[in-house]
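Single-structure report; data block below.
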Amino acid sequence: MTRVFALVDCNNFYASCERLFRPDLKAKPIVVLSNNDGCVVARSAEAKALGIKMGVPFFQIQELVRVHGIQVFSSNYALYGDMSARVMSLLEQMALRVEVYSIDEAFLDLSGVSACIEFEAFGQQVRSEVQKCTGIHVCVGIAPTKTLAKLANHAAKRYPKTGGVVDLTDHERQRRLLAITPVDEVWGVGRRLAPRLNAVGIRTALDLADANPKGLRQQFSVVLERTIRELNGISCLELDAVPASKQQIVCSRSFGERVTDYDNMHAAICKYVERACEKLRAQRSTAKMLNVFVRTNPFNANEPYYANSANIGLPEPSSDTREFIEAAVRGLRSIWKPGYRYMKAGVMLSDFYEPGNFQPSLFEATARQPTSEALMATLDQINRSGLGQVRFGGQSRANNWTMKRQRLSPSYTTRWHHLPIVHLK
DNA sequence: TCTGGGGTCCTAGGACCC
DNA sequence: TCTGGGGTCCTAGGACCC
């Protein structure tokens with residue numbers, strides 16, 4: 001049986017989420033900013049039409065914002081994460097196998113579906129169901145490989161005539177779309193690869209599809225070879241319905257204001273460790289290595305630059321926040337230098353083991369407290385319940401290191417006291 | 001003044017082993 | 001004159017993704 005994938009992608013996802021609970025913003029330009037209100041990470045159609053580019057620093061568009069009355073929001077991940085979960089659960093009801101690829105897109109396995117329903121009709125069904133139940137608009141691309149499904153999805157978004165669904169299972173249709181697609185729009189071809197491909201005469205996706213896969217593997221990499229095969233309808237990238245557990249967990253942030261004193265840094269690091277350990281326990285894993293890093297602003301040539309990191313290994317794998325906080329503080333002390341204006345810091349966990357799957361050294365006695373697991377489980381349960389928060393002591397030492405989020409919308413769907421209120425006339 | 005955060009995979013090169 | 005060959009593991013760096 002031939003393989004068929006659908007890529008379902010939400011349109012202007014963050015901006016659409018913000019508009020869901022603000023009907024007064026219909027047809028108004030909206031942008032959403034990255035952490036610390038740094039740069040633009042999402043735009044509504046109206047904002048795109050004003051020429052606002054993805055990733056542009058916010059301070060550079062202040063004038064446009066003023067002139068056109070653009071609505072500006074800080075990132076509200078509580079809202080986007082919850083809306084995403086709602087969309088994904090609908091998709092899981094409509095397809096047997098679903099890979100949640102990112103917060104706003106998912107691959108569906110449609111192999112065998114054509115026996116029951118036309119692909120085009122299926123795509124329209126997905127669109128109307130998601131729109132009806134969540135208010136989010138999606139586009140659907142359907143093709144025999146993931147890479148082609150991505151391109152089909154782009155086409156569905158770009159050309160309104162498609163009705164938001166493109167069925168690219170037909171070979172001739174694939175070739176026609178590839179011919180009008182610049183090679184840098186192909187999934188897997190980024191800003192480094194594109195100029196190098198152009199230099200050897202490969203300008204469109206079709207040029208790439210018709211290139212010699214073995215030859216380009218020599219010149220570039222095995223990754224590009226796979227892309228070429230995928231463009232020709234030969235599926236090389238499988239659907240991963242069960243997310244693989246992560247091999248590293250990072251928690252890092254830029255600060256809202258530069259951090260200059262140790263207590264603030266200490267508090268921030270403790271917070272990051274806490275979050276990283278929560279993620280670790282959520283995937284039921286344990287880690288043996290922690291990395292802690294600090295850095296000043298690398299962009300500013302007018303002040304001294306300092307960046308450093310420390311690796312701390314635990315005697316044996318753990319998921320106990322207390323052990324990692326102790327390790328992180330030791331690491332931080334070893335790299336902390338006073339007198340700098342720190343911009344960013346973070347922690348990284350790695351060297352994972354499944355619980356109980358570690359062979360300890362013969363001479364190192366295990367000193368794990370038997371209460372550790374139960375304590376952490378209780379902690380996670382309380383913090384997830386929404387009834388309250390239990391935190392570790394290290395953070396209370398100082399509190400002016402947090403993110404800048406001056407334009408944050410309410411958590412409409414995840415906090416009782418943020419519930420939207422409807423006034424009936 | 002102001003420039004996100006969190007991941008993955010692949011490759012090359014060095015250390016080391018027999 | 002001639003100075004092996006094959007393998008693993010680890011790390012750093014580069015590329016990509018959203």
Side-chain angles (χ1 to χ4, degrees), chain A residues 7-10 12-14 31-43 53-63 65 72-77 80-81 84 99-107 146-147 150 153-154 183-197 217-227 230 236-238 240 243-258 268 272 275-276 279-280 283 289 291 293 295-303 309 311 313 341 343-352 403-407:
Chain A
L7 177 63
V8 180
D9 193 312
C10 303
N12 313 323
F13 183 56
Y14 295 174
V31 298
V32 180
L33 305 178
S34 65
N35 284 338
N36 287 307
D37 297 343
C39 45
V40 173
V41 293
R43 308 150 294 159
K53 298 276 181 255
M54 182 72 175
V56 68
F58 178 50
F59 70 91
Q60 287 178 11
I61 60 163
Q62 301 274 9
E63 183 62 12
V65 167
V72 181
F73 292 94
S74 303
S75 289
N76 183 345
Y77 287 104
Y80 314 149
S84 171
E99 174 185 344
V100 176
Y101 181 71
S102 75
I103 195 166
D104 72 337
E105 62 191 301
F107 287 103
K146 282 178 157 183
T147 305
K150 272 270 184 185
N153 191 287
H154 285 176
V183 73
D184 62 356
E185 289 180 25
V186 173
W187 194 39
V189 177
R191 75 200 150 85
R192 302 281 180 164
L193 223 42
R196 293 174 60 200
L197 288 171
R217 177 182 181 150
Q218 293 292 316
Q219 207 176 339
F220 295 91
S221 75
V222 65
V223 183
L224 193 65
E225 182 191 9
R226 277 201 289 258
T227 300
E230 285 250 317
C236 304
L237 303 170
E238 275 308 305
D240 295 315
S245 58
K246 301 193 190 317
Q247 293 172 41
Q248 58 175 38
I249 289 173
V250 180
C251 187
S252 74
R253 295 278 183 284
S254 295
F255 301 118
E257 286 174 23
R258 298 285 181 264
Y272 302 155
R275 288 233 42 223
K279 290 191 212 171
L280 182 68
Q283 69 168 37
M289 181 65 74
N291 175 275
F293 70 90
R295 94 151 95 83
T296 62
N297 185 356
F299 300 109
N300 190 344
N302 298 324
E303 62 180 78
S309 71
N311 280 309
R341 299 174 66 241
M343 182 183 89
K344 183 172 180 174
V347 300
M348 188 189 302
L349 306 182
S350 57
D351 200 7
F352 291 167
M403 276 194 288
K404 185 163 95 180
R405 291 204 290 183
Q406 291 176 339
R407 300 158 182 271

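Fair warning: this is a prediction, and the values are worked out from it, not measured in the lab. We name chains A, B, ... by the order of the sequence lines, and we start the count at 1 in each one.
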Nearest-0.5 Å distance that lies between atom [atom1] in [X] and atom [atom2] in [Y]:
X	Y	atom1	atom2	result
A:Leu33	A:Ile61	CG	CD1	7.0 Å
A:Ser245	A:Phe352	OG	CZ	8.5 Å
A:Trp187	A:His154	CH2	NE2	10.0 Å

Any chance the side chains of [X] and [Y] put a donor and an acceptor closer than 3.5 Å?
X	Y	answer
A:Ser254	A:Asn36	no
A:Gln248	A:Ser350	no
A:Glu105	A:Ser102	yes

Checklist outcome for this item: In B/S/- notation (B base, S sugar-phosphate only, - none; protein heavy atoms under 4.0 Å), nucleotides 11-18 of chain C written 5' to 3' is ----SSSS

Quick one: [X] [atom1] to [N] [atom2], roughly how many Å, whole number?
X	N	atom1	atom2	value
A:Gln60	B:dC2	CD	C1'	9 Å
A:Gln406	B:dC2	CD	P	15 Å
A:Phe255	B:dT3	CZ	P	13 Å
A:Met343	B:dT1	CE	C1'	13 Å
A:Asn297	B:dT1	CG	C1'	10 Å
A:Lys246	B:dG5	NZ	P	17 Å
A:Leu224	B:dC9	CG	C1'	14 Å
A:Lys146	B:dC9	NZ	P	12 Å

With the side chain of [X] defined as its heavy atoms from C-beta on, choose the nearest nucleotide among [options].
X	options	result
A:Arg226	B:dG6, B:dC9, B:dT3	B:dC9
A:Val223	B:dG6, B:dT3, B:dC10	B:dC10
A:Asn36	B:dG7, B:dT8, B:dG5	B:dG5

Checklist entry - 5'-most contact on DNA chain B: A:Phe220 or A:Val250, nearest heavy atom basis? => result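 With A:Phe220 and A:Val250 compared, the 5'-side residue is A:Val250.
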
Next on the checklist: I want to confirm an ordering. Mapping A:Phe59 and A:Asn35 to their closest nucleotides on DNA chain B, which one lands closer to the 5' end?
Outcome noted: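 This one resolves to A:Phe59.
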
[X] vs [N]: side-chain N/O to OP1/OP2 distance below 4.0 Å:
X	N	answer
A:Arg253	B:dG6	yes
A:Arg258	B:dC2	yes
A:Gln62	B:dC2	no

Checklist entry - Is A:Arg341 paired with A:Glu303 through a side-chain N to carboxylate O contact shorter than 4.0 Å? => result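 The answer is yes: the pair qualifies as a salt bridge.
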
Next on the checklist: Please confirm whether the ring centroid of A:Tyr77 lies under 6.0 Å from the ring centroid of A:Tyr14.
Outcome noted: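 Yes, ring centres under 6.0 Å apart.
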
Checklist entry - To the nearest 10 degrees, what angle separates the axes at the start and end of the helix from B:dG5-C:dC18 to B:dC18-C:dG5, five pairs each? => result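 About 10°, once rounded to a multiple of 10°.
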
Next on the checklist: Is there a side-chain contact between A:Asn35 and A:Arg253 in this structure, where contact means two heavy atoms from C-beta onward sitting under 4.5 Å apart?
Outcome noted: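 Yes - at least one pair of side-chain heavy atoms lies under 4.5 Å apart.
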
Checklist entry - How about A:Glu99 and A:Asp240: do any of their side-chain heavy atoms sit closer than 4.5 Å? => result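 They are in side-chain contact.
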
Next on the checklist: Considering every strand and a 4.0 Å limit on heavy-atom distances, what is the contact class for A:Ser221: base, sugar-phosphate, or nothing?
Outcome noted: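 No contact.
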
Next on the checklist: Could you tell me how far B:dG4 sits from C:dC17 if I compare only their C1' atoms? Round to whole Å.
Outcome noted: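 Nearest-Å result for C:dC17 against B:dG4 at atom C1': 15 Å.
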
